[in-house]
Protein chains: 2
Amino acid sequence: MKNMIIGQSGGPTAVINSSLAGALDYAFSSNKIDTVYGMINGIEGLLEDNIIILNDIFEDKPYELNRLKLSPAMYLGSCRYKLKGENAEFKIVVDILEKYNIGYFVYIGGNDSMDTVKKLSDYTIANGIDIKIVGIPKTIDNDLAGIDHSPGFGSAAKYIASCVREVAYDTSIYSIKSVHIIEAMGRNAGWLTASSVLARQEDMLAPHLIYLPEVPFSVEQFVNDVKAKLEEYNSIIVVVSEGIRDAEGNYITADMGNKDVFGHTQLSGAAAYLKCVIEKEIGCKVRALEPSVIQRSAGHISSLTDVEEAFNLGEVAVEAAVNGKSGVFSTLRRISDRPYSVEYGVGDVALVANIEKKVPRSWINQEGNDVAQEMVDYLKPLIEGVVQTPYRNGLPDYVDIRHLDEKKQRYSD
Amino acid sequence: MKNMIIGQSGGPTAVINSSLAGALDYAFSSNKIDTVYGMINGIEGLLEDNIIILNDIFEDKPYELNRLKLSPAMYLGSCRYKLKGENAEFKIVVDILEKYNIGYFVYIGGNDSMDTVKKLSDYTIANGIDIKIVGIPKTIDNDLAGIDHSPGFGSAAKYIASCVREVAYDTSIYSIKSVHIIEAMGRNAGWLTASSVLARQEDMLAPHLIYLPEVPFSVEQFVNDVKAKLEEYNSIIVVVSEGIRDAEGNYITADMGNKDVFGHTQLSGAAAYLKCVIEKEIGCKVRALEPSVIQRSAGHISSLTDVEEAFNLGEVAVEAAVNGKSGVFSTLRRISDRPYSVEYGVGDVALVANIEKKVPRSWINQEGNDVAQEMVDYLKPLIEGVVQTPYRNGLPDYVDIRHLDEKKQRYSD
């Protein structure tokens, strides 16, 4: 019987641990897998032999496994390390894997991490090494190819839409003109920015304007758009991607002439820049809001759909490995929007590695300041369902991650 | 039988509508109150005769009343208007109230709004006008005197503590040195900033440093504090009040030499400034996070304790008015921390009007970079309990506020 090792890589989402929980759930009940190891800080930790045994912590502990499933960020820590593609390095990795009698190597990550899966799988196959290498996709950006939508995206989308809704309530109370500009993550792909549209329902018009990085951004047009909306409504909510660029491809932030107190050029976000523009050109009350990392780690308002899909994709990947597949990632295909239904399967990891899926131009309105109905139909099911976050002392009770801290003994002071 | 009118004033919190719901609940069941009116945009709306009937919307509609109870911001809208204290203006107010046969005037707000309650009550009593004027307190800042803690504070505190916890999960994943600086609201009183300490539990040390506006802020000491923490831990979370000032009383932000693209001096928040300082003096990865209005309108993660107390204070205020009291506000006194217990009552509105309650120096540690145990004991019960937010289409289903929008007909397009 072989052992399994699993790791996480790239930036956090609210449901990477759901995929870990799903993978563990399958592995613990499989009669082909003995011990399940976790690499701390991904492939980088593996190279440093920084490995823990996960059976002790989660096997036959349903409360702990469920808490893991509902905890944001990464229980195993992350890295940004990409394998160089050199045989010498592959050999080091394989030596470590063989030392632990690993038969199944499972990696949760984005398109960079899928590159690691691809390279390692190519190497093991080419060299007749019997270790199955599989990937589980994740990213809040939803820019992964080969999958209908990325696990992690639905929860970030739910956060952004819910944030727009709550900010709209906040801004509604005064009968004065105001503009709130919310900046969403996603430097090259506007999916998350687009998801703000879900706040707009029969009782609410916010967000009034939405700007994605897929369309060149014109500051002049933006000012005209805002002016037009302010003629109709008191308080306007605008959502912009952090990655909006002008027709020449310069980030909107790059135009700022700011110097910080030490004389360095200070690059603000797009929203902060556009706040200055509105103050100057229109002169009404303006706020720039940048939820930053809060939007990707707000586990307490995760999409239940997202959590369950991430969990299932974890199971599917381990199942594929156990069934002898390598160089694949677990994926899902949408069967219908309403009732929402998906089908799970696996795909060649080459389909997803190093590729960025952007928003099709036809899913953005002609003026480039809103999204089209196709986008709404696509997004709607992804934020459905409410997670039953466990609470303790009034706060979300997430899985214990003290093992990620170098100085964990300090906790017992 | 007399009628009642109720209004809301000042900045939003997550539970001002809970107080409105409590007041309505009492009023609807009272045999001394006939119609219940709402003034739109507070006293300013009253002066413009902008008034709605609330019975039609909420009486005998338990789902709607419960939804109101769990919705953030202000169903009736707000204003920043303070009565001038002139008899001519009082007379206009009273004329409108008499036109609607008002016997009970209820105002939900902070210390400015309680000033309105006081002035109006003094006027009616002095002139033998039989209208009872009462207040219901609210503010996220917790700076109201005459009450153990302000309704609205517990929910904002729960948001801030939970945000620190989630950001700590997000930052834990990389094994590199990093500093995250979170800026909390509260310009003069540090209660909300202090509440971040609740994130610190047996499994987590964040926030590592906490700076309140009650203690003069030294940038030099701050840099030393961060350096010392970085020697012990990988990722440091610092929470600062938006109102931190140096020993001369200058806001930390005021030191920025920034010019925006139009040549105007641009004032950043304290966190954004301190980010520059850390980048220059320490050179590690730094992020500044400013949850801004999101922290006061995140109704989906309200404290149930706060919601229930706000509701009860709404009931208590109307009960007092019906029982002939005027110039009072509803208040609560803490009986014990554990088990947590409070006693409701009313107080003279002069106790709360125009006064700011700051954090006692003894509740802050000697170094001025953390809080003392007294603060933790005081804060702990206030964030307890999880609200059962109703969800629809994957998002919090808050009460319909389209009546606050001037162009509400647009919704039916």
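Below, chain A is the first sequence line, B the second, and so on; all start at residue 1.
- Between chain B and the options A:His180, A:Arg392, A:Glu44, heavy-atom pairs under 4.5 Å are most frequent for A:Arg392.
- With values rounded to the nearest 0.5 angstrom, B:Leu395 atom CG is found 11.0 Å from A:Cys163 atom SG.
- Interface check for chain B: of the options A:Ile40, A:Val167, A:Val386, the most heavy-atom pairs under 4.5 Å are formed by A:Val386.
- Neither the backbone nor the side chain of A:Tyr75 has a heavy atom closer than 4.5 Å to any heavy atom of chain B.
- The residue among A:Pro381, A:Pro396, A:Ser235, A:Pro72 with the most heavy atom pairs within less than 4.5 Å of chain B is A:Pro396.
- Not a single donor-acceptor pair under 3.5 Å links the side chain of B:Arg165 to the backbone N or O of A:Asp397.
- In this structure the side chain of A:Val293 reaches within 4.5 angstrom of the side chain of B:Leu289, judged on heavy atoms.
- Your options are A:Gly385, A:Ser303, A:Gly77, and the one with the most heavy-atom pairs under 4.5 Å with chain B is A:Gly77.
- In this structure, B:Lys380 places its NZ atom where only 12 or fewer heavy-atom neighbours from other residues, nucleotides or ligands lie under 6.0 Å away.
- Taken from CD1 in A:Ile401 to OG in B:Ser172, the straight-line distance is 3.5 Å, to the nearest 0.5 Å.
- Residue A:Val399 comes nearest to B:Tyr169 through the heavy atom pair O-OH, 2.5 Å, listed as atom of the first residue, atom of the second, then distance.
- In this structure, the separation between CD on A:Glu202 and CG on B:Asp400 is 8.5 Å, given to the nearest 0.5 Å.
- Under the 30°/60° scheme for interplanar angles, the aromatic rings of B:His300 and A:His300 are found to lie parallel.
- Under a 3.5 Å cut-off, the side chain of B:Glu166 and the backbone N or O of A:Ile294 do not form any donor-acceptor pair.
- In this structure, the side chains of B:Tyr391 and A:Ile383 stay at 4.5 Å or more apart for every pair of heavy atoms.
- Every pair passing salt bridge (Lys or Arg N to Asp or Glu O under 4.0 Å) that includes a residue from residues 286-301 of chain A is listed here, sequence neighbours excluded: A:Arg296-B:Asp170.
- Residue with the most contacts toward chain A among B:Ser78, B:Gly42, B:Cys79, B:Ser71: B:Ser78 (heavy-atom pairs, distance under 4.5 Å).
- The interface of residues 8-16 of chain B with chain A, defined by heavy-atom distances below 4.5 Å, comprises B:Gly10, B:Gly11, B:Pro12.
- With rounding to the nearest 0.5 angstrom, the CD1 atom of A:Ile173 is 8.5 Å from the CG atom of B:Asn41.
- Taking OG1 of A:Thr389 as the start and CD1 of B:Ile301 as the end, the distance is 8.0 Å to the nearest 0.5 Å.
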